[in-house]
Amino acid sequence: MVDLLRQLAEERTGGSPEPDTCRSQLIVAEDYIERQLHDPCLGAAQVAGVLGISVRHLARIFGSTGRSPTRHIMERRLVRAHRELTGPGAR
């Protein structure tokens, strides 16, 4: 699964890996989070485990975004919930 996510990250960056490993890891982490938002147990430890890095390193990677991995997960869930509640077909 991690290899697949890495391939997706490469596709998003034009097919060639970025020289900055942290940026690539951020893309993979964000993609994994997006695909796993339905999992109520999704958290920083799970994301770090899938990437094969420590939770602390994951926090450093997300530092460039100005938010923690936990905050990113919460914000993505809120955006998805808002879209589902206000989008076409919502009551």
Side-chain angles (χ1 to χ4, degrees):
M1 178 180 267
V2 174
D3 291 333
L4 177 60
L5 292 172
R6 284 188 183 123
Q7 287 175 345
L8 290 170
E10 288 178 8
E11 288 173 11
R12 282 190 179 179
T13 60
S16 60
E18 292 182 16
D20 183 5
T21 302
C22 288
R23 178 72 183 135
S24 296
Q25 289 175 326
L26 177 63
I27 291 169
V28 172
E30 289 175 333
D31 190 64
Y32 179 78
I33 289 167
E34 199 63 34
R35 294 172 184 276
Q36 299 298 318
L37 283 176
H38 64 277
D39 181 358
C41 297
L42 179 64
Q46 181 179 341
V47 176
V50 168
L51 269 66
I53 59 176
S54 69
V55 174
R56 176 66 186 120
H57 185 65
L58 183 65
R60 281 193 291 272
I61 291 168
F62 270 87
S64 66
T65 68
R67 60 186 184 266
S68 69
T70 303
R71 176 87 181 192
H72 177 77
I73 292 167
M74 181 186 66
E75 288 177 359
R76 295 305 307 145
R77 283 185 170 149
L78 288 171
V79 166
R80 180 174 282 185
H82 181 264
R83 188 174 57 231
E84 289 176 3
L85 291 170
T86 61
R91 295 182 193 179

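All values reported here derive from a predicted model rather than from experimental measurement. Residue numbers start at 1 and run along the sequence shown. The figures that follow rest on heavy atoms only: side chains count, while hydrogens, waters and symmetry mates do not.
- Shown are H72, R71, R77; of these, the side chain to side chain donor-acceptor pair (under 3.5 Å) with E75 is made only by R71.
- For the residue pair S64 and L26, the shortest heavy atom distance occurs at OG-CD2, 4.0 Å.
- Applying the 6.0 Å contact sphere to NE2 of H82 captures no more than 12 heavy atoms from other residues, nucleotides or ligands.
- Linking ILVMFWY side-chain heavy atoms closer than 4.5 Å, directly or via other members, places V50 and I33 in a single hydrophobic cluster.
- Within the model, atoms CG of L58 and CZ of R60 stand 10.0 Å from one another, a figure rounded to the nearest 0.5 Å.
- Atoms CD and CG, from Q36 and D31 in turn, are 10.0 Å apart once rounded to the nearest 0.5 Å.
- Looking at C22 and H57, their side chains come closer than 4.5 Å, going by heavy atoms from C-beta outward.
- Residues A44 and I73 come closest through the heavy atom pair N-CD1, 4.3 Å.
- The nearest pair of heavy atoms linking E34 to R80 is O-NH2, 3.4 Å.
- Put simply, OG1 on T70 and CZ on F62 are 9.5 Å apart, with the number rounded to the nearest 0.5 Å.
- A pairwise comparison of heavy atoms in L42 and Q46 identifies CA-OE1, 3.4 Å as the closest pair.
- Note on V47 and I53: same hydrophobic cluster, where clusters join Ile, Leu, Val, Met, Phe, Trp and Tyr whose side-chain heavy atoms are under 4.5 Å apart, directly or indirectly.
- When the shell of 6.0 Å around CZ of R83 is examined, it contains more than 12 heavy atoms from other residues, nucleotides or ligands.
- Neither M74 nor I61 shares a network with the other; the hydrophobic side chains, linked directly or stepwise wherever heavy atoms of I, L, V, M, F, W or Y lie under 4.5 Å apart, form separate groups for each.
- For the atom pair OH (Y32) and CG (L37), the distance works out to 10.5 Å, reported to the nearest 0.5 Å.
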